[in-house]
Q: 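Got a structure for you, questions after.
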Amino acid sequence: MKLHSDSTQQYQTVTGYDASGVEINAQRFNHSLLVMPEVPPRAWDVTRFEDLQPGHFEQIAADAPDVVILGTGERQRFVHPRLIASLSARHTGVESMDSQAACRTYNVLMGEGRKVTLALIIEGTAPA
């Protein structure tokens with residue numbers, strides 16, 4: 001039985017979050033982004049949940065994750081299945097949850113070595 005945790009410093013870890021943004025490895029982001037364990041965070045061109053299009057999820061599908069954790073803001077909202085068709089076709093699971101739960105879940109799955117993508121919507125802001 002292991003009594004210590006693995007170091008995750010080489011991975012992209014959520015180190016803080018609030019309603020206006022998120023910290024990845026102590027770097028602040030105030031816009032929507034995609035986070036994968038071994039890739040630097042990327043801006044995600046989504047400013048509101050209602051503006052999601054299939055192309056937003058096709059961008060994620062290109063990375064071939066095993067699971068996508070979708071952070072939908074202060075409350076949990078579910079996407080229409082037609083929007084995630086590109087992921088469903090690859091048998092990639094998509095779990096929607098409020099952004100705080102999404103950040104925690106991403107950290108757990110990343111720590112387990114899963115090929116996970118955190119797709120985090122931070123509403124009202126556009127990438128610079």
Q: If you measure from the Lys or Arg side-chain nitrogens to the Asp or Glu carboxylate oxygens, is any gap between Arg77 and Glu123 under 4.0 Å?
A: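 Salt bridge present between Arg77 and Glu123.
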Q: Check the pair Phe78, Leu70 against side-chain contact (heavy atoms from CB on, under 4.5 Å), reporting the backbone distance first and the verdict last.
A: CA-CA 9 Å; Phe78 297 96; Leu70 176 63; over 6 Å; no
Q: So does Thr15 get a backbone contact from the side chain of Asn25, meaning a donor-acceptor N/O pair under 3.5 Å?
A: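 No, Asn25 side chain to Thr15 backbone: no donor-acceptor pair under 3.5 Å.
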Q: Would you sort out whether Val22 and Val14 count as a side-chain contact (heavy atoms from CB on, under 4.5 Å), showing the intermediate values?
A: CA-CA 7 Å; Val22 65; Val14 177; 3.8 Å; yes
Q: Counting only heavy atoms from other residues, nucleotides and ligands, does the tally under 6.0 Å from CD of Glu112 exceed 12?
A: yes
Q: The criterion is side chain to side chain contact (heavy atoms under 4.5 Å, CB included); which residues satisfy it with Arg104, sequence neighbours excluded?
A: Tyr17, Gln100, Ala101
Q: Can you list the residues that meet the side chain to side chain contact (heavy atoms under 4.5 Å, CB included) rule with Pro40, with sequence neighbours excluded?
A: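 Expected list: none.
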Q: Going from CD on Gln12 to OG1 on Thr117, what distance comes out if it is rounded to the nearest 0.5 angstrom?
A: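 These two atoms lie 12.0 Å from each other.
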Q: Are the side chains of Phe29 and Val35 in touch, meaning some heavy atoms are under 4.5 Å apart?
A: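 Not touching, per the 4.5 Å side-chain cut-off.
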Q: Which atom pair, heavy atoms only, marks the closest approach of Leu118 to Tyr106?
A: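 Between these two residues, the closest heavy atoms are CB-CD1, 3.6 Å.
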Q: Going by the rule side-chain hydrogen bond (donor to acceptor under 3.5 Å, both in side chains), which residues pair with Asp98 if we only count those two or more places apart in sequence or in a different chain?
A: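 Scan of Asp98 (side-chain hydrogen bond (donor to acceptor under 3.5 Å, both in side chains), adjacent residues dropped) gives none.
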Q: If you apply the rule side-chain contact (heavy atoms from CB on, under 4.5 Å), what do you find for Ile122 with Leu33, and how did you get there?
A: CA-CA 8 Å; Ile122 300 173; Leu33 71 158; 4.2 Å; yes
Q: Which atoms form the tightest heavy-atom contact between Val46 and Ser32, and what is the distance?
A: O-OG, 2.6 Å
Q: Would you say the side-chain atoms of Thr105 pair up with the backbone N or O of Val108, donor to acceptor, closer than 3.5 Å?
A: no
Q: Are Met36 and Ile24 in one and the same hydrophobic cluster, where Ile, Leu, Val, Met, Phe, Trp and Tyr link if side-chain heavy atoms are under 4.5 Å apart?
A: no
Q: Output the distance between atom SG (Cys103) and atom CE (Met97), rounded to the nearest 0.5 Å.
A: 10.5 Å
Q: With rounding to the nearest 0.5 angstrom, report the OG1 to NE2 distance, Thr47 to His31.
A: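 Reported to 0.5 Å precision, the distance equals 12.5 Å.
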Q: Which side-chain N or O atoms in residues 59-68 pair as donor and acceptor under 3.5 Å with protein atoms at least two apart or in another chain?
A:
from  : atom 1 : to    : atom 2 : distance (Å)
Asp63 : OD2    : Arg42 : NH1    : 3.2
Asp63 : OD2    : Arg42 : NH2    : 2.7

Q: Arg28: what forms a side-chain hydrogen bond (donor to acceptor under 3.5 Å, both in side chains) with it, not counting sequence neighbours?
A: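 If we apply the side-chain hydrogen bond (donor to acceptor under 3.5 Å, both in side chains) test to Arg28, skipping adjacent residues, the hits are Asp18, Ser20, Asn30.
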Q: Just by distance, do the side chain of His56 and the backbone of Asp45 share a donor-acceptor pair under 3.5 Å?
A: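 Checked: pair present.
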Q: Given side-chain contact (heavy atoms from CB on, under 4.5 Å), test Trp44 with Leu120 step by step and report yes or no.
A: CA-CA 8 Å; Trp44 195 32; Leu120 194 60; over 6 Å; no
Q: For Gln53, give me all partners under side-chain hydrogen bond (donor to acceptor under 3.5 Å, both in side chains), at least two apart in sequence or on another chain.
A: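 Partners of Gln53 under the side-chain hydrogen bond (donor to acceptor under 3.5 Å, both in side chains) test: none.
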Q: Give, for atom CZ of Arg75 and atom OG of Ser99, the distance between the pair rounded to the nearest 0.5 Å.
A: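 The CZ atom of Arg75 sits 11.5 Å away from the OG atom of Ser99.
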Q: Which value, rounded to the nearest 0.5 Å, describes the distance between Glu58 atom CD and Leu83 atom CG?
A: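 These two atoms lie 10.0 Å from each other.
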